[in-house]
Amino acid sequence: MARDRPDRDPPQRRPEAHRIGGGASTRHARTRWRRASHEDAPQAEHGGPPRAPEPGRHPTSPRRLRSVADRPHAVAMTTDRPVRVRVAPSPTGEPHVGTAYIALFNLAFARKNGGKFVLRIEDTDRERSRQEWEDEIIEGLRWLGLTWDEGPDVGGPFGPYRQSERSAIYHQHIELLLEKGEAYRCFATPEELAQLREEQRARKETSRYDGRWRDRSPAEVKAAMDAGLPFVVRMKMPLEGETVLFDELRGEVRIDNRQVDDQILMKSDGFPTYHLANVVDDHLMGISHVIRAEEWISSTPKHVVLYRAFGWEPPKFIHMPLLRNADKSKISKRKNPVSLLDYKSRGFLPEAVLNYLAMLGFSMPDEREMFTVEEFFENFTWDRMSLGGPTFDLAKLTWLNGRYYREKLSDDAWVKLLRDDLLSEEILRKLVPLIKERIDTSEQFIPAVDYFFSGELTYEASMLVSKGKTPKETREVLEKYGDEIDRQVDFSAPALEALSRGFAESQGWKVKDLFMPLRVAMTGRTATPPLFDTLSVLGRAKVRRRLRQAQDLLKALAEAENKKK
RNA sequence: GUCCCCAUCGUCUAGAGGCCCAGGACACCGGCUUUUCACGCCGGGUACGGGGGUUCAAAUCCCCCUGGGGACGCCA
């Protein structure tokens, strides 16, 4: 039925005049858009030309955008500048499925418009950023085949593409803002601010910086500087009025400036925050469209104000819906496998993962569910987006992946995959030393190593509980241990052993009370090769996954025991 | 709490005022096929959050309510 429907944009079907006048995006957006387009409508308080969107640009329907149909002259959102988009992950953890999701849609938009796609590494958090994470992010995105035209590994005309290498640029720009009076130094200590927040929360106010250094005299500031006090640089948010931003998917969003506090732009370690670095880099790198997750909407006013402070034209903003857990909260590793490398290690095919990601929020015009990334790019348009936050459904991904295995993979491809990915020389070389002393014939090999290859393990939950410990406390300890694993960069056996011994001690547990549950959780057995060699070979993805499984089993066990009582 | 975003089956979605007492897919249940299992095929139940408008006509446009989510960090 849908198949027969004529194409959705012929003008005779939907006259422009009607659509532009009568259509609207969401109710809110629509109202606002109307208000904003009145000549005398109050505009954003400070500076800059009014940002009222021209009619051809506003979205027009509730669940779905009508941008193309609504933009008489626009084939897409390429108005003035060449299309340049970016994905900007922070190397503070494993490559995230959300990063892949955003990257995919950025790439689609770039491809559709003959634009460039840039990878930028946002490693301004010195505490948590690690080169190893950056490597894994690149590996994960490459595995999926999401390739970028410019990036830290491939270079490009707008580099460097790693923010830690752009410090001089940020300092220049901070100077500029300071000179213009658009920013100021703040000498408040973190403790002082924490206390402020606490008081505000106690009074049930929105917690925000109170501007205590905003209007200090030059003399005071100089005195503090001369005293060598550490400081941050904050932007001056207008104290009144509202800032209007135009989201290409939602229309106008107006936010009262009183809701927005004086964002820190430069930390006391001299590194910029996301807000500064992202604005400066997006401008300097010629980014035309900022396509990012919805969670950024509420800080977009800060960015808009910053663009104005610099005297720059802001890019177009497109906020994608947030991927969700089954309970609708923002997708998280506690509730979902979230690492790209986890999917890789489980044997998901990149094509299937991309295909699945593409159908979250987007649908093909003919409603087909299986399509290649090229087909996706060809058919991609913002007006086929729906804005409700989609639940990431592993069961459906798994089904789709099964279809790819069944329908797209030849026997030859199967053999190659098995040989290269599963039973590769690299893996066998790791396994043999662990197993050879424990078996007498090669036929015992496969049964002895099965748990290195399996997904879920089968074992008695009670095996996880050491003598004198309860299922509940075991679960809690394994959960904390999982957090340690997430932070662990060096996955060698000695490093894991050191980590684990230290962890046991920190929890006040004897090592054997921790190590046996760990062994069972990892292998489903009590007799195994050395534990940390095993962990090391399993890899973080499988370790995490099995910790999660063990936690689930322990939870069920705890509940069962409670019932008995 | 304050602000912002969002709202069709349990889940992903189709839907552009009449083609819709709402279609497809996952999951679930039943059947067929099959030596078995799986795949495949056929069938089944389940949704427009509520209330007001506008209209001859509302899932669709408007308003309010409700619900969900996000943000409120010297994290991104």
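Chain identifiers are assigned alphabetically (A, B, ...) following the order of the sequence lines, protein sequences preceding nucleic acid strands; residue numbering begins at 1 within each chain.
- Within residues 391-401 of chain A, the residues having any heavy atom under 4.0 Å from RNA chain B are, by residue number, A:Thr391, A:Asp393, A:Ala395, A:Lys396, A:Trp399.
- For A:Lys333, the NZ atom sits in a loose shell: 12 or fewer heavy atoms of surrounding residues, nucleotides or ligands are nearer than 6.0 Å.
- When distances are taken from the side chain of A:Val253 to each of B:rC5, B:rC74, B:rU2, the shortest belongs to B:rC5.
- Taking atom C1' on both nucleotides, B:rC63 is separated from B:rG23 by 30 Å, rounded to a whole Å.
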Dump the intermediate steps for side chain to side chain donor-acceptor pair (under 3.5 Å) on A:Glu375 and A:Asn379, then the final yes or no.
CA-CA 6 Å; A:Glu375 290 167 331; A:Asn379 287 281; over 6 Å; no

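- In A:Glu220, the CD atom is crowded: over 12 heavy atoms of neighbouring residues, nucleotides or ligands sit closer than 6.0 Å.
- Among B:rC74, B:rG73, B:rC6, the nucleotide with an atom closest to any side-chain atom of A:Asp261 is B:rG73.
- Separating the P atom of B:rC32 from that of B:rG70 is a span of 46 Å, rounded to the nearest Å.
- Remark: the separation of the P atoms in B:rC21 and B:rA47 is 15 Å, to the nearest Å.
- Nucleotide B:rU55 has no partner under the Watson-Crick or G-U criteria, as no pair reaches both atom distances under 3.5 Å.
- Note on A:Lys328: a side-chain N or O is less than 4.0 Å away from OP1 or OP2 of B:rC12.
- Residue A:Arg197 places at least one side-chain N or O closer than 4.0 Å to OP1 or OP2 of B:rC74.
- Going from the C1' atom of B:rG52 to that of B:rG69 covers 26 Å, rounded to whole Å.
- For the side-chain hydrogen bond (donor to acceptor under 3.5 Å, both in side chains) test, residues two or more places apart in sequence or in another chain that qualify with A:Tyr404 are A:Asn355.
- Residues satisfying the ring pair (Phe, Tyr, Trp, His ring centres under 6.0 Å) criterion with A:Phe453, sequence neighbours excluded, are absent altogether.
- Remark: B:rC48 base-pairs with no nucleotide; criterion is Watson-Crick or G-U wobble with both hydrogen-bond distances under 3.5 Å.
- Under the rule for a side-chain hydrogen bond (donor to acceptor under 3.5 Å, both in side chains), A:Ser454 has no partner lying at least two apart in sequence or in another chain.
- Below the 3.5 angstrom threshold, one finds no donor paired with an acceptor across the side chain of A:Thr273 and the base of B:rC74.
- Under the side-chain hydrogen bond (donor to acceptor under 3.5 Å, both in side chains) criterion, A:Gln200 pairs with no residue, sequence neighbours left out.
- Taking the P atom of each, B:rA71 and B:rC56 are spaced 46 Å apart, rounded to whole Å.
- Here B:rA25 is the nucleotide among B:rC3, B:rA76, B:rA25 with the atom lying nearest to any side-chain atom of A:Glu369.
- Atom CD of A:Glu127 has 12 or fewer neighbouring heavy atoms from other residues, nucleotides or ligands inside a 6.0 Å radius.
- With a cut-off of 3.5 Å on both Watson-Crick or G-U wobble distances, the partner of B:rA25 is given as B:rU11.
- The side chain of A:Arg250 lies closest to B:rC6 when the candidates are B:rC6, B:rC74, B:rU13.
- Between B:rA25 and B:rG67, the distance separating the two P atoms is 35 Å to the nearest Å.
- For B:rG51 and B:rU60, the P atoms lie 12 Å apart once the distance is rounded to whole Å.
- With B:rG24, B:rG40, B:rC6 as the candidates, the nucleotide lying closest to the side chain of A:Glu294 is B:rC6.
- A donor-acceptor contact under 3.5 Å is formed by the side chain of A:Glu367 with the base of B:rG23.
- Partner A:Arg86 forms a side-chain contact (heavy atoms from CB on, under 4.5 Å) with one of A:Ile291, A:Asp282, A:Asp281 and no other, that one being A:Asp282.
- More than 12 heavy atoms of other residues, nucleotides or ligands lie within 6.0 Å of CZ in A:Arg214, so this atom counts as buried by the packing criterion.
- Nucleotides B:rC62 and B:rC6 have their P atoms positioned 12 Å apart, rounded to a whole Å.
- Base pairing of B:rC19: no nucleotide in any strand meets the Watson-Crick or G-U wobble criterion (both distances under 3.5 Å).
- Listed pair A:Arg208 / B:rG73 fails the phosphate criterion, with no side-chain N or O lying under 4.0 Å from OP1 or OP2.
- Remark: A:Asp125, A:Arg128 in residues 125-141 of chain A come within less than 4.0 Å of RNA chain B through at least one heavy atom.
- Pair check for B:rC3 finds B:rG70; Watson-Crick or G-U wobble, both atom distances under 3.5 Å.
- Under the 4.5 Å side-chain criterion, counting only non-hydrogen atoms from C-beta, A:Val290 is not in contact with A:Ile318.
- Side-chain nitrogen and oxygen atoms of A:Ser363 include none within less than 4.0 Å of the OP1 or OP2 phosphate oxygen of B:rC12.
- For A:Tyr101 and A:Phe105, the ring centers are positioned less than 6.0 Å apart.
- Each of A:Gly361 and A:Arg234 was matched to the nucleotide of RNA chain B holding its nearest heavy atom; the match closer to the 5' end belongs to A:Gly361.
- An OP1 or OP2 oxygen of B:rA71 is reached within less than 4.0 angstrom by a side-chain nitrogen or oxygen of A:Lys330.
- Between A:Asp269 and A:Ile255, the residue anchored closer to the 5' end of RNA chain B is A:Ile255, taking for each the nucleotide with the nearest heavy atom.
- Taking a pair to require two hydrogen-bonding distances under 3.5 Å in either a Watson-Crick or a G-U wobble arrangement, B:rG40 pairs with B:rC32.
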